[in-house]
A.B. asks: 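Right, I'll just put the structure down here and ask away after.
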Amino acid sequence: MAVQTVAANDPASTVDLGPAAALSCRECGERFPLGPLFACASCFGPLEVAYDLPSGSPEELKKRIAEGPANIWRYAPLLPVPSDVADKPNINPGFTKLVKADNLARELGVTGGLYVKDDSGNPTHSFKDRVVAIAVEAARAFGFTTLSCSSTGNLAGAVGAAAARAGFRSCVFIPHDLEQGKVVMAAVYGGELVGIEGNYDDVNRFCSELIGDPLGEGWGFVNVNLRPYYGEGSKTLAYEICEQLGWRLPDQIVIPIASGSQLTKIDKGLQELIRLGLVEDKPYKIFGAQAEGCSPVSAAFKGGHDVVRPQKPNTIAKSLAIGNPADGPYVLDIARRTGGAVEDVDDEQVVDAIKLLARTEGIFAETAGGVTVGVTKKLIEAGLIDPALTTVVLNTGDGLKTLDAVAPTTGLSATIRPSLEAFRDAGLAAN
């Protein structure tokens, strides 16, 4: 493959990615040396990072984490990054707020504790900063000079910002009709931003062609040839949620589905915490959330299928508009294994949920957050989420990125003359 470097192909070379030991195929289990690989050479299954995780006392590891920086690098002993990662130029995302959402809980009839993990507080205002930060360290290790990606918007901005900070060139590819706010945010960092005529799946296919061409020499595609490392950034959501809950597993967690990688890696993170003894081993349920206009995983789950049939996206939740999600089958496995479910909501319900979260908790979510809140409401009403248990809902981005979704039904309460009489006549005075 043209983009692989000497370091990746030379068995004598060493790559410092901390506790990362190898790449392992999720399907057949074959292991490969660390490098910019993403598919098994034997069965073409997806590769993921395998670790030599730290041994010793869980309490000592908790203390080490607590003494670390207030970002994802506090979990460096559990991530594919060098031990000195905190000293390198990076955007240092993570350790975002876990909001106890009592007002929303009352609206939804939740009595067991409802929390919103609000990742809009990251540097470019989405969870994508987490995964890109890890990919940057892999790009350094493998000697890449250009960072790239296919993106539905948030990832493009995260790559642009991280590349600018770390000193890489960036060139990212997006569907041509993304929300203007996301286009501006991706372009402002000074890298190349290229619109592709088509949807995200068309963009992804183009990038797959580029990655195998000499034109892609020296390019690190964070969600393609660096995908095994990139995906590990989502584990930090699991780590933070459990640490912020006092080193406890949530009983139920609702996660949006685009490619499905975030959900699978959160489950992987929870399993690692159990294996390390950092949390008590107990059952938990994982629920996936999709928009009705792009719900291939939800359709497969509700139909009892193991195969996820691609769909053509048609939804306002463009950050989730991946019609052929790579990790869809693994999402199905996790939802079924944990006793969870995968559900979807229509665009009107997405907008209503955005407003509900804003009105009750002062959190302005982008459309993906509206999907998770809307699905949470729907699952509670259907009796699939137990309102007496601790539930965590993910908001993965800032509503300022998707203003068009709520603008048609949101605006001024009134327009009045600058007088008390006009204010009184408008009926706005408090009783």
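If you're wondering where the values come from, they're calculated on a predicted model, not measured in any experiment. Just the heavy atoms: all of them, side chains too, but no hydrogens, waters or symmetry mates, feed the values below.
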A.B. asks: Is it true that Asp201 and Asn324 share a donor-acceptor pair across their side chains at a distance under 3.5 Å?
C.D. replies: no
A.B. asks: Can you find a pair of side-chain heavy atoms, one from Leu210 and one from Phe173, that are under 4.5 Å apart?
C.D. replies: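 The answer is yes, as the side chains (C-beta and beyond) meet within the 4.5 Å cut-off.
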A.B. asks: Counting distance only, does the side-chain N/O of Tyr230 pair as donor-acceptor with the main-chain N or O of Val224 below 3.5 Å?
C.D. replies: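 Flag not set: sc Tyr230 to bb Val224 has no pair under 3.5 Å.
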A.B. asks: Distance from Ser319 atom OG to Tyr200 atom OH, nearest 0.5 Å?
C.D. replies: 12.0 Å
A.B. asks: Would you check if there is a donor-acceptor pair between the side chains of Asp267 and Tyr330 at a distance under 3.5 Å?
C.D. replies: no
A.B. asks: Using 0.5 Å steps for rounding, measure from the OG1 atom of Thr145 to the CH2 atom of Trp219.
C.D. replies: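 With rounding to 0.5 Å, OG1 (Thr145) is 9.0 Å from CH2 (Trp219).
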A.B. asks: Between Leu249 and Cys242, is any pair of side-chain heavy atoms under 4.5 Å apart?
C.D. replies: yes
A.B. asks: Ring centres under 6.0 Å, that's the criterion: do Phe168 and Phe144 meet it?
C.D. replies: no
A.B. asks: Rounded to the nearest 0.5 Å, how far apart are CD1 of Ile354 and CD1 of Ile316?
C.D. replies: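 Those atoms lie 6.0 Å apart.
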A.B. asks: Indicate whether the side chain of Asn154 and that of Glu366 have a donor and an acceptor atom separated by less than 3.5 Å.
C.D. replies: yes
A.B. asks: Using atom types as modelled and distance alone, determine if a side-chain donor or acceptor of Arg74 lies under 3.5 Å from a backbone N or O of Pro69.
C.D. replies: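 Yes; at least one donor-acceptor contact below 3.5 Å.
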A.B. asks: First locate atom CG of Asp327, then atom NZ of Lys265, and finally report the distance between them rounded to the nearest 0.5 Å.
C.D. replies: 7.0 Å
A.B. asks: Would you say that more than 12 heavy atoms from the other residues, nucleotides or ligands in this model lie under 6.0 Å from the CD of Glu348, or not?
C.D. replies: no
A.B. asks: State whether a side-chain donor-acceptor pair under 3.5 Å links Thr391 with Gln252.
C.D. replies: yes
A.B. asks: Are any side-chain N or O atoms of Asn122 and backbone N or O atoms of His125, one a donor and one an acceptor, separated by less than 3.5 Å?
C.D. replies: no
A.B. asks: Does Asn314 CG have over 12 foreign heavy atoms under 6.0 Å away?
C.D. replies: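 At most 12 heavy atoms, drawn from other residues, nucleotides or ligands, come within 6.0 Å of this atom.
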A.B. asks: The criterion is salt bridge (Lys or Arg N to Asp or Glu O under 4.0 Å); which residues satisfy it with Lys378, sequence neighbours excluded?
C.D. replies: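 Expected list: Glu343.
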A.B. asks: Donor-acceptor pairs under 3.5 Å, side chain of residues 96-110 to any protein atom, not counting sequence neighbours: which ones?
C.D. replies:
unit_1: Thr96; atom_1: OG1; unit_2: Lys117; atom_2: NZ; d: 3.2
unit_1: Thr96; atom_1: OG1; unit_2: Asp119; atom_2: OD1; d: 2.6
unit_1: Thr96; atom_1: OG1; unit_2: Arg130; atom_2: NH2; d: 3.2
unit_1: Lys100; atom_1: NZ; unit_2: Asp102; atom_2: OD1; d: 2.7
unit_1: Asn103; atom_1: OD1; unit_2: Arg106; atom_2: NH2; d: 2.4
unit_1: Asn103; atom_1: ND2; unit_2: Thr360; atom_2: O; d: 2.8
unit_1: Glu107; atom_1: OE2; unit_2: Arg359; atom_2: NH1; d: 2.9

A.B. asks: Distance from Glu232 atom CD to Leu226 atom CG, nearest 0.5 Å?
C.D. replies: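 Nearest 0.5 Å value for the CD-CG distance: 13.0 Å.
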A.B. asks: Only pairs at least two apart or in different chains count here, so list each ring-ring contact (aromatic ring centres under 6.0 Å, His included) that has a residue in residues 75-96.
C.D. replies: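 Listed by first then second residue: Tyr75-Tyr239.
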A.B. asks: Please report the closest heavy-atom contact between Val308 and Gly328, naming both atoms and the distance.
C.D. replies: CG2-C, 3.8 Å
A.B. asks: Show your reasoning for whether side chain to side chain contact (heavy atoms under 4.5 Å, CB included) applies to Lys401 and Glu179.
C.D. replies: CA-CA 7 Å; Lys401 295 186 175 191; Glu179 302 97 334; over 6 Å; no
A.B. asks: Any chance the side chains of Ser150 and Asn223 put a donor and an acceptor closer than 3.5 Å?
C.D. replies: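 Per modelled atom types, Ser150 and Asn223 side chains form a pair under 3.5 Å.
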A.B. asks: Would you check if the side chain of Gln311 reaches a backbone N or O of Ser295 as a donor-acceptor pair within less than 3.5 Å?
C.D. replies: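 Confirmed, Gln311 side chain pairs with Ser295 backbone.
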A.B. asks: For Lys377, does the NZ atom sit with more than 12 other heavy atoms under 6.0 Å from it, leaving out its own atoms?
C.D. replies: no
A.B. asks: Hydrogens and angles aside, do Thr409 and Lys355 bring a side-chain donor and acceptor to less than 3.5 Å of each other?
C.D. replies: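 Yes, a side-chain donor-acceptor pair sits under 3.5 Å.
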A.B. asks: With a 3.5 Å distance limit and no angle check, can you tell me whether Thr372 reaches the backbone of Gly369 through a side-chain donor-acceptor pair?
C.D. replies: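 Confirmed, Thr372 side chain pairs with Gly369 backbone.
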A.B. asks: Sort out for me which residue in Asp84, Thr236, Asn92, Asn90 forms a side chain to side chain donor-acceptor pair (under 3.5 Å) with Trp73.
C.D. replies: Asn92
A.B. asks: Grab the two heavy atoms, one from Phe287 and one from Leu384, that are nearest each other, plus how far apart they are.
C.D. replies: CZ-O, 3.5 Å
A.B. asks: Distance from Ile255 atom CD1 to Thr396 atom OG1, nearest 0.5 Å?
C.D. replies: 11.0 Å
A.B. asks: Less than 4.5 Å apart, any side-chain heavy atom of Phe142 and any of Leu17?
C.D. replies: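 The answer is yes; the side chains approach within 4.5 Å.
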A.B. asks: Do any N or O atoms from the side chain of Arg336 and from the backbone of Asp333 form a donor-acceptor pair under 3.5 angstrom?
C.D. replies: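 Checking the backbone N and O of Asp333 against the side chain of Arg336, no donor-acceptor pair under 3.5 Å is found.
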A.B. asks: Is there a donor-acceptor contact under 3.5 Å from the side chain of Asn199 to the main chain of Lys312?
C.D. replies: no
